Amino acid sequence: MVEPNLLHAPILEWYADNARDLPWRASDATPWGVLVSEIMLQQTPVIRVLPIWADWMRRWPTPKALAAEPPGEAVRHWGRLGYPRRALRLHACAQAITDDHGGEVPDDHATLLALPGIGEYTAAAVASFAFGGRHAVLDTNVRRVFARAVRAEEYPPTSTSAVERRLAEALLPALGAARWGVAVMELGALVCTARAPRCADCPISGVCAWRLAGKPPHTGPARKGQTYAGTDRQCRGRLLAVLREAHGPVPKAALDVVWDDAVQRERALDGLIADGLAEVLPDDTYRLPQS
DNA sequence: TATCCGTGGAG
DNA sequence: TCTCCAAGGAT
């Protein structure tokens, strides 16, 4: 295995010179701001999160402020970030923080993990980045960097394995784990990218196992591509966009016009309602959830 | 564990 | 154009 010290110094120095100036990394960022950013960044590029996050934090600077609003307002201001269930869960998360934690974002990993919308990665990220805790932060970037640098694989496994977790924990420095975590993430996001890694700019190219092995391409089953056109997801997106942009309840006809296939449309609408992303009123009009 | 859950930019 | 995939989570 690679000596941790061969990785630590070069990556930390690289980060010092190349870190992006992101608002949730600013010295005045609150734990709530960090938490909001982490939820928004799930499966979503930084560039698209930036404006939504700024608006969100201006509107709801604290968990309590968000918890005081109907969940539909969270969904509305989520805009076109994607995966709007995250907005619902972030709202539920704000309510739980308000009701069960005195309005303060918990600093403890296990407590964070129990909150809606927060899984293993996000709990580690918030505990680490907002509170300086020592946790292995295993996102897609970190997993890819370690897969390449240490295991000589182009891509990490489909799902996070115990082997990866042990490796990440073994590489955790005694001090400054939070900075280390964000530095590796940043390296994966900017240099050790999925598609066309910029090895010429990489601070650990000299010790990277994958590069030293001649950058062998990924072997094994092709990773599942996500089709989108014509799916229920696309249909749900269309329907929800109508509700988001409306100021009050909309008649069903307003939903019918955005998707031709009636069977699929009904299924998608039922799904939105079941997920709590939409409500039906007795007069058969539809709106974002008020409760 | 495999599948579902949005959206849009890059190559 | 079309494919890939981006700071995952819940079931």
Side-chain angles (χ1 to χ4, degrees), chain A residues 19-20 22-25 29 33-53 75 78-90 92-93 112-130 135-145 154-162 164 168 178 181-190 192-198 218 221-244 258-259 267-268 270-272 274-278:
Chain A
R20 287 169 293 182
L22 304 175
W24 46 84
R25 289 180 186 162
V34 172
L35 191 159
V36 170
S37 79
E38 291 300 340
I39 302 286
M40 289 184 172
L41 286 162
Q42 291 167 2
Q43 300 285 284
T44 309
V46 166
I47 187 64
R48 291 177 44 211
V49 167
L50 249 12
I52 305 291
W53 183 88
V75 175
W78 195 255
R80 305 188 66 81
L81 256 196
Y83 292 145
R85 292 193 293 193
R86 291 183 294 166
L88 227 39
R89 293 186 181 128
L90 182 50
C93 188
L112 286 162
L113 191 57
L115 293 171
I118 297 190
E120 179 58 41
Y121 161 76
T122 304
V126 173
S128 181
F129 304 151
H135 302 277
V137 176
L138 269 182
D139 80 322
T140 188
N141 291 303
V142 173
R143 297 181 61 222
R144 188 174 55 249
V145 169
E154 184 178 21
Y155 297 118
T158 307
S159 56
T160 305
S161 66
E164 287 181 272
V182 75
V184 179
M185 283 178 64
E186 193 77 334
L187 184 66
L190 299 182
C192 193
T193 54
R195 203 84 65 92
R198 302 161 55 181
H218 176 73
R223 305 188 310 168
K224 273 192 95 94
Q226 323 164 337
T227 52
Y228 183 62
T231 61
D232 284 11
R233 285 154 85 168
Q234 184 183 33
C235 183
R236 286 166 57 109
R238 293 261 188 93
L239 296 172
L240 196 59
V242 172
L243 302 185
R244 264 200 323 262
V258 300
W259 198 264
R267 182 172 67 232
D270 287 345
L272 288 173
D275 288 348
L277 284 164

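Note that the structure is predicted; figures quoted are calculated from it, not measured. Residue numbering restarts at 1 for every chain, and letters A, B, ... go by the order of the sequence lines.
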Could you check how far CH2 of A:Trp78 sits from P of C:dG9, rounded to whole Å?
12 Å

Starting at the 5' end of nucleotides 6-11 of chain B, put B wherever the base has a protein heavy atom under 4.0 Å, S where only the sugar-phosphate does, and a dash everywhere else.
BBSB-S

Just to confirm, is there a sub-4.0 Å distance from OP1 or OP2 of C:dG9 to any side-chain nitrogen or oxygen of A:Thr122?
yes

Look at the side chain of A:Arg86 and the backbone N and O of A:Gln42, then say whether any donor-acceptor pair between them is shorter than 3.5 Å.
yes

Tell me: CG of A:Leu35 to P of C:dG8, nearest whole Å?
15 Å

When you compare C:dT1 with B:dG8, how far apart are their C1' atoms, in angstrom units rounded to a whole number?
15 Å

With C1' as the reference atom in both, quote the distance from C:dT11 to B:dT7 in angstrom, rounded to an integer.
23 Å

Using the C1' atoms only, state how far B:dT1 lies from C:dG9, rounded to an integer number of Å.
14 Å

Between A:Glu38 and A:Gly117, who's closer to the 5' end of DNA chain C by nearest nucleotide?
A:Glu38

What I'd like to find out is whether the side chain of A:Leu90 reaches to under 4.5 Å of the side chain of A:Val36, using heavy atoms alone.
yes

What heavy-atom pair brings A:Val126 and A:Leu35 nearest, and what distance separates the two atoms?
CG2-CA, 3.9 Å

Polar side-chain atom of A:Arg233 near backbone of A:Tyr228 as donor-acceptor pair, under 3.5 Å:
no

How many whole angstroms separate atom CG of A:Leu90 from atom C1' of C:dG9?
13 Å

Distance, C1' atom - from B:dG6 to C:dC5, rounded to whole angstrom
13 Å

